[in-house]
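I have placed the structure first, in the form of structure tokens, so that the comments after it can refer back to it.
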There are 2 protein chains.
Amino acid sequence: MNIMKNNIRELRKEKNYRQEDLATALGVTRQTINAIENDKYDPTLLLAFKLANILGTTVDKLFAPDPEILK
Amino acid sequence: MNIMKNNIRELRKEKNYRQEDLATALGVTRQTINAIENDKYDPTLLLAFKLANILGTTVDKLFAPDPEILK
DNA sequence: CCGTAATGTCAAAAGTATTTTACATTCAGA
DNA sequence: TCTGAATGTAAAATACTTTTGACATTACGG
């Protein structure tokens with residue numbers, strides 16, 4: 001199960017991208033973007049950096065792990 | 001293949017932790033810490049956050065993807 | 001309302017991260 | 001030099017991420 005929050009959808013919409021636009025820009029599939037936006041699983045670290053980069057933010061701002069989990 | 005750089009080893013030594021100390025503190029195995037320090041593979045996003053947290057830094061400062069790869 | 005674009009979802013397969021167990025190498029101190 | 005501690009490494013098993021292909025649902029402009 002996945003405990004990370006993210007605001008990819010909000011930032012994506014600000015840029016008027018479709019899930020598919022983001023996906024092709026990052027070299028992944030639309031299903032991957034959809035799954036991450038809907039918290040099905042976390043992206044790899046590399047994909048997290050690519051997402052932050054294209055959305056004009058940082059990994060630390062884009063994702064927020066449950067504070068409970070940061071022992 | 002793994003294209004991410006990190007300075008976990010340096011920060012770990014500043015804190016006088018052994019690989020095993022970091023591992024048990026984060027709930028992973030020593031082999032995992034060793035593999036990440038030696039760039040065998042990237043950690044998951046969650047483990048990256050845990051590492052940054054315990055080492056007193058941020059994911060963005062702790063890891064640096066090859067700029068080439070950030071299209 | 002109708003058509004179509006966008007999003008949601010699913011199952012199977014492939015790729016990658018992590019664990020476990022085990023052994024090898026390096027290095028500092030007694 | 002000898003010992004023990006720390007690190008490096010490897011293979012097999014398991015878990016998780018991503019792809020592929022396909023179909024369902026939602027939302028919106030005409």
Side-chain angles (χ1 to χ4, degrees), chain A residues 1-55 57-71, chain B residues 1-55 57-71:
Chain A
M1 186 162 34
N2 167 34
I3 23 45
M4 206 84 118
K5 298 279 171 246
N6 74 73
N7 55 321
I8 292 169
R9 175 164 292 148
E10 292 74 0
L11 294 176
R12 171 174 64 79
K13 291 195 167 177
E14 282 179 15
K15 302 227 168 207
N16 290 319
Y17 290 153
R18 295 169 304 155
Q19 292 183 342
E20 183 155 25
D21 297 329
L22 247 195
T24 56
L26 298 178
V28 297
T29 65
R30 181 180 67 81
Q31 285 84 338
T32 295
I33 299 299
N34 185 82
I36 295 168
E37 283 192 356
N38 289 294
D39 294 324
K40 301 300 185 193
Y41 47 73
D42 291 328
T44 59
L45 185 56
L46 179 57
L47 183 51
F49 269 98
K50 287 182 181 177
L51 280 162
N53 186 64
I54 204 171
L55 293 173
T57 186
T58 63
V59 172
D60 290 282
K61 287 180 188 163
L62 188 54
F63 298 91
D66 184 339
E68 272 302 304
I69 238 63
L70 291 184
K71 347 179 183 183
Chain B
M1 185 161 36
N2 167 34
I3 23 46
M4 205 84 116
K5 298 278 170 250
N6 74 74
N7 55 323
I8 292 170
R9 175 164 289 145
E10 292 76 359
L11 294 176
R12 171 175 64 79
K13 291 196 166 176
E14 282 179 16
K15 303 227 168 209
N16 291 319
Y17 289 153
R18 296 168 304 154
Q19 291 183 342
E20 183 155 23
D21 297 330
L22 247 195
T24 55
L26 298 178
V28 297
T29 64
R30 179 179 69 80
Q31 286 83 342
T32 296
I33 300 298
N34 185 83
I36 294 168
E37 283 192 356
N38 289 293
D39 294 324
K40 302 298 185 194
Y41 49 73
D42 291 329
T44 59
L45 185 55
L46 179 57
L47 183 50
F49 269 97
K50 287 182 180 177
L51 280 163
N53 187 64
I54 204 172
L55 293 174
T57 185
T58 63
V59 172
D60 290 283
K61 286 180 188 164
L62 190 54
F63 298 92
D66 185 340
E68 272 301 305
I69 237 65
L70 291 184
K71 344 182 184 181

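Protein chains get the first letters and strands the later ones, always in sequence-line order, with residue 1 at the start of each. Heavy atoms only: backbone and side chains are in, while hydrogens, waters and symmetry mates are out.
Contact check, T32(B) against dA17(C): no side-chain N or O comes under 4.0 Å of OP1 or OP2. Contact check, T29(B) against dT18(C): no side-chain N or O comes under 4.0 Å of OP1 or OP2. Taking 4.0 angstrom as the limit, T44(A) places a side-chain polar atom (N or O) nearer than this to OP1 or OP2 of dT18(D).
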Would you mind building the protein contact string for nucleotides 7-12 of chain C? One character per nucleotide, 5' to 3', B for base within reach (heavy atoms under 4.0 Å), S for sugar-phosphate only, - for untouched.
BBBB--
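Between L55(B) and E14(B), the closest side-chain pair of non-hydrogen atoms is not below 4.5 Å. Residues L62(A) and N7(A) have side chains in contact (heavy-atom distance under 4.5 Å, counting atoms from C-beta outward). Using a 4.5 Å heavy-atom threshold, the side chains of L22(B) and V28(B) count as separate.
Nucleotide dT17(D) holds its C1' atom 13 Å from the CG atom of D42(B), rounded to whole Å. Atom P of nucleotide dG15(C) and atom CG of L45(A) are separated by 21 Å, given to the nearest angstrom. Atom-to-atom, CD1 of I33(B) to P of dA6(D) comes out at 16 Å; the value is rounded to the nearest Å. Here the P atom of nucleotide dA6(D) and the CG atom of N16(B) are 12 Å apart, to the nearest Å. Rounded to whole angstrom, the span from the OH atom of Y41(A) across to the P atom of dA14(C) amounts to 17 Å. Separating the CD1 atom of I36(B) from the P atom of dG8(D) is a distance of 13 Å, rounded to the nearest angstrom. What separates CG of L47(B) from C1' of dT16(C) is a distance of 14 Å, to the nearest Å.
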Could you list the protein-to-nucleotides 26-29 of chain D atom pairs, N/O on both sides, closer than 3.5 Å?
none

Contacts under 3.5 Å, N or O only, protein and nucleotides 25-30 of chain C:
none

Under the side-chain contact (heavy atoms from CB on, under 4.5 Å) rule, what do N6(A) and D39(A) come out as? Steps first, then yes or no, please.
CA-CA 8 Å; N6(A) 74 73; D39(A) 294 324; 3.5 Å; yes
After noting the C-alpha distance and the side-chain angles of N34(B) and T29(B), does the key distance pass the side-chain contact (heavy atoms from CB on, under 4.5 Å) rule?
CA-CA 9 Å; N34(B) 185 83; T29(B) 64; over 6 Å; no
Determine, stepwise, if the pair E20(B) / I33(B) fulfils side-chain contact (heavy atoms from CB on, under 4.5 Å).
CA-CA 8 Å; E20(B) 183 155 23; I33(B) 300 298; over 6 Å; no
side-chain contact (heavy atoms from CB on, under 4.5 Å) between L26(A) and L51(A): does it pass, once the steps are laid out?
CA-CA 8 Å; L26(A) 298 178; L51(A) 280 162; 3.4 Å; yes
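For R9(B), the salt bridge (Lys or Arg N to Asp or Glu O under 4.0 Å) partners at least two apart in sequence or on another chain are E37(B). Taking D21(B) as the reference, R18(B) meet the salt bridge (Lys or Arg N to Asp or Glu O under 4.0 Å) condition, with sequence neighbours excluded.
The two residues A23(B) and R30(B) have their closest heavy-atom pair at CB-N, 3.5 Å. Annotation for V59(B) and A52(B): closest pair N-CB, 3.5 Å, computed over non-hydrogen atoms.
The CZ atom of F49(A) lies 9.0 Å from the CG atom of L45(B); values are rounded to the nearest 0.5 Å. To the nearest 0.5 angstrom, L47(B) atom CG is 11.5 Å from N53(B) atom CG.
In the helix from dC1(C)-dG30(D) to dA30(C)-dT1(D), the terminal helix axes, each the rotation mapping four pairs' C1' atoms onto the next four within five end pairs, subtend 40°, rounded to 10°.
Not one N or O on the side chain of N38(A) forms a donor-acceptor pair closer than 3.5 Å with the backbone of K40(A).
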